[in-house]
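Here the structure comes first, spelled out in structure tokens, and everything after it is commentary.
Note that ligands are numbered from 1 as they come in the structure, with each ligand's atoms numbered from 1 the same way.
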Amino acid sequence: MTQQTLYRDVLLDHYRHPRNRGDLSDCDVVRRGSNPRCGDDIEVGLRWSGSLLEACRFHGRGCSVCVASASMMTEVVQERDREALAQLVQAVMDWVQGNEHALPDPALEALEAVRNHSARQKCLLLCWQALRDALDA
Ligand code: ZN
């Protein structure tokens with residue numbers, strides 16, 4: 001089994017069984033992102049406990065890359081503070097757009113399988129852009 005196959009299996013698992021997908025009604029801030037060309041339309045919700053992110057969930061529909069990226073994002077952001085989250089978002093964007101080669105977080109390794117496909121970058125980054133908007137709120 002190649003590394004690419006392993007990554008794709010991880011992504012597919014997140015797509016089929018998304019983590020933290022659900023109701024956003026108890027979130028402090030919700031931001032939406034859409035990618036009409038692909039049909040991706042998601043909302044990302046954050047709940048804060050003081051300066052720490054207590055919960056991050058998402059809602060909506062999207063292609064496999066969009067949903068897998070959102071699912072992985074909700075797992076990796078928990079218990080971080082605003083500054084660390086802003087740094088993570090920037091690191092992911094730099095990594096996906098090819099400005100930076102260091103993986104932003106080991107938990108995001110499987111995204112390596114799609115980050116170099118320019119057609120899928122918007123799908124991959126949609127949830128991260130919504131997170132950035134939510135952090136600025
Ligand atoms: Zn998409």
Taken to the nearest 0.5 Å, the spacing of Leu124 CG from Ser118 OG works out to 12.0 Å

For the Zn ion (ligand 1), angle spanned by Cys123 SG and Cys63 SG (nearest 10°) is 110°

Of all N, O or S atoms in Asp40, the one closest to the Zn ion (ligand 1) is OD2

dist Leu108:CG -> Met72:CE (nearest 0.5 Å) comes out at 5.5 Å

Nearest heavy-atom approach of Ala130 to Val44 is CB-CG2, 3.8 Å

Residues, nucleotides or ligands: over 12 heavy atoms within 6.0 Å of Arg47 CZ
yes

query = Between the Zn ion (ligand 1) and Cys38, is there an N, O or S atom separated by less than 2.8 Å?
reply = yes

